[in-house]
Amino acid sequence: MGREVHFKEEEFVLKLTGILSIFALKWQLKIPYKAIKNVHIDDFDPPMWMLRMPGTAIAPLNIYEGSFKFGNEWYFLSSEHKVPLVHIELENFGKYKYVIFEIENPRAVMIELRKKLRELED
């Protein structure tokens with residue numbers, strides 16, 4: 001997989017490597033923990049009318065990489081399989097409302113992110 005996650009002191013970093021960074025037209029996202037409203041694991045079926053702006057979408061192969069818009073909300077998607085994905089809902093973070101990505105151990109990522117969010121509250 002061409003994704004890495006890094007838990008920095010003040011921010012979460014999703015790094016795309018190899019061909020994924022080319023498809024997404026982005027090589028990393030830095031998200032301050034204070035901008036994360038919610039994190040959970042779930043499936044995701046992109047709406048048929050979702051616009052890619054910019055990014056790569058090959059719906060029959062379930063490949064979604066990059067920025068997408070649906071209604072008035074922006075999504076950053078990075079996945080190529082129909083598996084449970086990490087969903088991060090954001091508040092006051094640039095244009096993105098949701099970051100949804102595939103990672104080898106989504107449960108571990110969710111647990112660590114929730115731990116960082118709890119530490120922020122203390």
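In this chain, residues are counted from 1 in sequence order.
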[X]: what forms a side-chain hydrogen bond (donor to acceptor under 3.5 Å, both in side chains) with it, not counting sequence neighbours?
{"X": "His40", "result": "none"}
{"X": "Lys82", "result": "Asp45"}
{"X": "Tyr98", "result": "none"}

Could you tell me the separation between the [atom1] atom of [X] and the [atom2] atom of [Y], rounded to the nearest 0.5 Å?
{"X": "Phe68", "Y": "Tyr96", "atom1": "CZ", "atom2": "OH", "result": "9.5 Å"}
{"X": "His6", "Y": "Leu14", "atom1": "NE2", "atom2": "CG", "result": "9.0 Å"}
{"X": "Leu77", "Y": "Phe70", "atom1": "CG", "atom2": "CZ", "result": "12.0 Å"}
{"X": "Lys115", "Y": "Glu112", "atom1": "NZ", "atom2": "CD", "result": "5.0 Å"}
{"X": "Leu29", "Y": "Leu16", "atom1": "CG", "atom2": "CG", "result": "7.0 Å"}
{"X": "Ile41", "Y": "Leu85", "atom1": "CD1", "atom2": "CG", "result": "9.5 Å"}

Report yes if some heavy atom in the side chain of [X] is under 4.5 Å from a heavy atom in the side chain of [Y]; otherwise report no.
{"X": "Asp43", "Y": "Pro84", "result": "yes"}
{"X": "Ser67", "Y": "Lys95", "result": "yes"}
{"X": "Tyr33", "Y": "Phe12", "result": "yes"}
{"X": "Val13", "Y": "Phe7", "result": "no"}
{"X": "Ile31", "Y": "Val99", "result": "yes"}
{"X": "Ile88", "Y": "Val86", "result": "yes"}
{"X": "Asn105", "Y": "Arg107", "result": "yes"}
{"X": "Gln28", "Y": "Glu4", "result": "no"}

Applying salt bridge (Lys or Arg N to Asp or Glu O under 4.0 Å), name anything that partners [X], two or more places apart in sequence or on another chain.
{"X": "Glu89", "value": "Lys37, Lys97"}
{"X": "Asp42", "value": "none"}
{"X": "Lys30", "value": "none"}

Note to self: I'd like to know if the side chain of Arg3 pairs up with that of Ser78 as donor and acceptor (distance under 3.5 Å, no hydrogens or angles considered).
What the structure shows: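 Distance-only check passes for Arg3 and Ser78.
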
inquiry  = With a sphere of 6.0 Å drawn around CD of Glu9, does it hold more than 12 non-hydrogen atoms of other residues, nucleotides or ligands?
reply    = no

Crowded around Lys15 NZ? As in, over 12 foreign heavy atoms under 6.0 Å?
no

Would you please test Phe101 and Val5 for side-chain contact (heavy atoms from CB on, under 4.5 Å) and show each step?
-> CA-CA 10 Å; Phe101 63 95; Val5 294; 3.9 Å; yes

